[in-house]
Amino acid sequence: MALLPIAESAEPLSASLPPLLGASKTELTAWIASQQQPTYRGQQLHQWIYQKGARSLQEITVFPQAWRTQVAAVEIGRSTVDLRSPAHDGTVKYLLRLSDGQIVEAVGIPTAKRLTVCVSSQVGCPMGCDFCATGKGGFTRNLARHEIVDQVLTVQEDFQQRVSNVVFMGMGEPLLNLEAVLGAVQSINQDIGIGQRSLTISTVGIPGKIRRLADYHLQATLAVSLHASNQKLRNQLIPSAKAYPLAELLQECRDYVSLTGRRVTFEYILLAGVNDLPQHAQELAQHLKGWQSHINLIPYNPISEVDYQRPDGRRMQAFLEILQDKNIAASIRRSRGLDQNAACGQLRAAQMI
Ligand code: SAH
Ligand code: SF4
């Protein structure tokens, strides 16, 4: 993997010190050294932040008390859990309060062998997709690197189980916050220890950004939210599609595959009578013929503002079979956490306040 910009500088964190969470062992050690502390304390600091869940330097009892007092203003950068809502299927949604009082959502999704965390990359989202609760709520701000990493630690600590997978499918559009997302990917991988192959970055598509992401040669999976098999339909569902035609988006995805050698996952929400007809499946298959890709069909999760419907099981199965008959790898994603509005596309802090 190419080094991300954040790791290239081993300079001490400066006077206007960002929160320590998200910093690498090298960065933490450089800061420790700048504080005239022995360098082995860098390793201790890293362990206390990422393994012991320290929320302030005061808690790190292996450090001298006098020094802890001196750096009392330095923040680790953890959120506080404002609300924890468990759903019947074991999925837990968290509303996390950030240092400026903004609320962001994360979801823990346990399965037999895995614990997946769905993380947010922004407070709200500016893309305004018609079927998405986050999009309907508008945009507030980007999350910082530490605010993304915090979500993974928070869920891991609450479940008392190692997180196995992280998906950037919560609130926000990750490619509009690329620097923080890349920094978080690096920290989740190297500091928390989750393999890059177990990470998925989901995007609705921002012109030029998929190609840019390819430059980093991440092992993470790229998921592209397609949701439509032709331009007209996509314009109807996704406002930004007008400025970023489907043909261009698909071309960027093709470039991504050839530049990285990794396949792309496409996400396609099934909306009854809107994009779930046999002709849509055929169009979709036509676009993706001969690709290294996989299509995730997502049953629509109802939101209150719009009256789209979820197709019935038979119809979803028929759509799937048309794709499979044409040798397109596809599957239907099971929805989790529906009873707590924690399923994909239902994340919106305002709902819960
Ligand atoms: N902004 C990024 C990532 C966050 S959205 C993106 O759009 O890809 C994560 C996933 O949830 C996307 O595939 C999105 O299309 C899907 N989603 C949004 N609203 C939904 C809804 N009401 N029902 C089911 N999936 C939804
Ligand atoms: Fe934003 Fe993704 Fe929701 Fe669209 S689907 S509004 S890009 S979070």
Side-chain angles (χ1 to χ4, degrees), residues 91 93 104-107 109 116-143 148 151 166-178 180-181 184-185 199-207 209-210 213 220-228 233-244 249 253 264-272 274-276 294-311 316 331-338 340-351:
T91 296
K93 170 160 123 172
V104 79
E105 304 191 356
V107 185
I109 309 159
T116 299
V117 182
C118 176
V119 294
S120 297
S121 55
Q122 299 183 310
V123 182
C125 181
M127 302 304 286
C129 300
D130 200 38
F131 45 78
C132 172
T134 306
K136 294 284 179 198
F139 173 68
T140 305
R141 70 167 173 87
N142 276 338
L143 292 185
I148 300 173
Q151 297 173 54
V166 176
V167 295
F168 286 77
M169 293 187 183
M171 298 168 82
E173 170 44 56
L175 298 195
L176 287 178
N177 188 14
L178 194 53
V181 165
V185 162
L199 312 181
T200 300
I201 299 173
S202 176
T203 178
V204 77
I206 307 293
K209 291 288 177 67
I210 291 178
L213 189 64
T221 300
L222 175 67
V224 175
S225 292
L226 217 50
H227 309 320
L233 201 47
R234 206 161 190 269
N235 290 348
Q236 201 181 309
L237 300 173
I238 302 170
S240 63
K242 296 183 195 87
Y244 188 31
L249 169 63
C253 293
V264 173
T265 298
F266 289 102
E267 294 163 283
Y268 192 102
I269 297 181
L270 289 167
L271 304 163
V274 177
N275 67 355
D276 70 335
H294 183 96
I295 304 183
N296 258 330
L297 299 174
I298 308 172
Y300 168 66
N301 294 318
I303 63 168
S304 54
E305 295 88 342
V306 277
D307 62 356
Y308 292 122
Q309 305 297 323
R310 171 183 289 204
M316 293 196 276
S331 51
I332 299 176
R333 186 194 287 165
R334 198 159 64 93
S335 285
R336 302 285 308 266
L338 214 57
Q340 281 301 327
N341 281 346
C344 287
Q346 297 188 319
L347 298 181
R348 183 184 42 199
Q351 262 176 350

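Start at 1 with the first residue, then count along the sequence. These numbers were taken from a predicted model, which means no experiment stands behind them. Each ligand, and each atom within it, is numbered from 1 in the order the structure gives.
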(message) Regarding atom 6 (S) of ligand 2: of the candidates Ser120, Gly135, Pro126, which has the closest heavy atom?
(response) Gly135
(message) Tell me whether His227 reaches ligand 1 (any heavy atom closer than 4.0 angstrom to a ligand atom).
(response) yes
(request) With the side chain counted from C-beta on, respond yes when Val117 and Val167 share a heavy-atom pair under 4.5 Å apart, and no when they do not. (result) no
(request) Determine whether the side chain, the backbone, both or neither of Asn301 has a heavy atom under 4.0 Å from any heavy atom of ligand 1. (result) both
(request) Pick one of side chain, backbone, both or neither for how Thr203 approaches ligand 1, counting any non-hydrogen atom pair under 4.0 Å. (result) backbone
(message) Quick check on Ser225 - does any of its heavy atoms sit under 4.0 Å from an atom of ligand 2?
(response) no
(request) Would you indicate whether the side-chain heavy atoms of Gln151 and Glu105 approach each other to under 4.5 Å? (result) no
(message) Any side-chain to backbone donor/acceptor pair from Arg310 onto Tyr300? Under 3.5 Å, distance only.
(response) yes
(request) Check for a donor-acceptor pair, side chain of Ser120 on one end and backbone N or O of Met171 on the other, with a separation under 3.5 Å. (result) yes
(message) Under 4.0 Å from a heavy atom of Val204: which atoms of ligand 2 are those, numbered in the order shown and with their elements?
(response) 7 (S)
(request) Give a yes/no on ligand 1: does Phe168 have at least one heavy atom closer than 4.0 angstrom to it? (result) yes
(request) Decide yes or no for Pro299 and Ile332: does some side-chain heavy atom of the first lie under 4.5 Å from some side-chain heavy atom of the second? (result) yes
(message) My understanding is that only residues two or more places apart in sequence, or in another chain, count here; which of them pass ring-ring contact (aromatic ring centres under 6.0 Å, His included) with Phe168?
(response) none
(message) As a check for students: among Pro302, Gly172, Cys125, Ser202, identify the option with a heavy atom nearest to atom 1 (N) of ligand 1.
(response) Gly172
(request) Any chance you could measure Ile269, atom CD1, to His227, atom NE2, to the nearest 0.5 Å? (result) 4.0 Å
(message) As an exercise, identify every atom of ligand 2 less than 4.0 angstrom from a heavy atom of Gly128.
(response) 6 (S)
(request) Compare every heavy atom of Arg234 with every heavy atom of Val204, then report the nearest pair and how far apart it is. (result) O-NH2, 3.0 Å
(message) In this structure, does ligand 1 have an atom that sits under 4.0 Å from one of the heavy atoms of Gly170?
(response) yes
(request) Tell me which one of Gly172, Cys132, Pro239 gets a heavy atom nearest to atom 3 (Fe) of ligand 2. (result) Cys132
(request) Report yes or no: does Asn275 contribute a side-chain atom to a donor-acceptor pair with the main-chain N or O of Leu270 at less than 3.5 Å? (result) no
(message) Within ligand 1, which atoms have a heavy atom of Glu173 less than 4.0 Å away?
(response) 1 (N), 2 (C)
(message) Could you check whether any side-chain heavy atom of Leu297 comes within less than 4.5 Å of a side-chain heavy atom of Met316, counting everything from C-beta outward?
(response) no
(message) Between Cys129 and atom 3 (Fe) of ligand 2, is there a contact where an N/O/S atom of the residue lies under 2.8 Å from the metal?
(response) no
(message) Under 4.0 Å from a heavy atom of Met127: which atoms of ligand 2 are those, numbered in the order shown and with their elements?
(response) 1 (Fe), 7 (S)
(message) Geometry only, no angles: is Tyr300 polar-contacting ligand 1 at N/O separations under 3.5 Å?
(response) no
(message) Heavy atoms only: which of Arg333, Gln122, Met169 lies closest to atom 9 (C) of ligand 1?
(response) Met169
(request) Report yes if the side chains of Met169 and Thr116 come closer than 4.5 Å at any heavy-atom pair, otherwise no. (result) no
(request) Considering the heavy atoms of Cys125, write down every atom of ligand 2 situated less than 4.0 Å from one of them. (result) 1 (Fe), 6 (S), 7 (S), 8 (S)
